[in-house]
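The structure appears right after this line, and notes come after that.
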Amino acid sequence: MMVAVFATLVLAILLGQFGPRWAALASLFACLCLFVWLFLFEIYSPEYGFRLPWLQVGTAEPPREA
């Protein structure tokens with residue numbers, strides 16, 4: 001999936017130099033969408049995702065007062 005993000009970014013750069021501006025912006029927007037999707041997949045995927053305990057605050061018990 002990272003290859004698709006990189007390919008759309010390279011396409012946006014090449015279209016920015018040699019092609020129409022609207023196509024470069026569309027490719028850049030597609031790269032942004034792919035990047036956000038990949039980031040969210042890596043964070044929230046139960047099989048392949050990262051464990052981020054500071055984001056899992058719903059399972060933590062509240063602190064007790066002394």
Side-chain angles (χ1 to χ4, degrees):
M1 190 63 197
M2 194 64 196
V3 172
V5 173
F6 181 73
T8 55
L9 184 60
V10 168
L11 182 65
I13 292 171
L14 290 176
L15 286 172
Q17 288 291 327
F18 305 113
R21 184 179 178 128
W22 65 268
L25 291 173
S27 181
L28 191 62
F29 181 71
C31 178
L32 177 68
C33 291
L34 287 172
F35 169 72
V36 168
W37 181 83
L38 179 63
F39 175 76
L40 292 176
F41 172 76
E42 289 183 355
I43 294 300
Y44 292 114
S45 174
E47 298 169 1
Y48 300 107
F50 298 118
R51 288 193 49 86
L52 300 174
W54 57 88
L55 292 179
Q56 299 170 1
V57 295
T59 59
E61 293 182 18
R64 297 181 188 176
E65 294 185 24

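Index from 1, following the sequence. If you're wondering where the values come from, they're calculated on a predicted model, not measured in any experiment.
Here the side chains of Leu38 and Leu34 are not in contact, with every heavy-atom distance at 4.5 Å or above.
Listed by first and then second residue, the ring-ring contact (aromatic ring centres under 6.0 Å, His included) pairs involving residues 8-38 are Trp37-Phe41 (not counting sequence neighbours).
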Using a 3.5 Å cut-off and no angle test, enumerate the donor-acceptor pairs between side-chain atoms of residues 5-16 and protein atoms at least two apart in sequence or in another chain.
{"residue": "Thr8", "atom": "OG1", "partner": "Ala4", "partner atom": "O", "Å": "3.1"}
{"residue": "Thr8", "atom": "OG1", "partner": "Val5", "partner atom": "O", "Å": "2.9"}

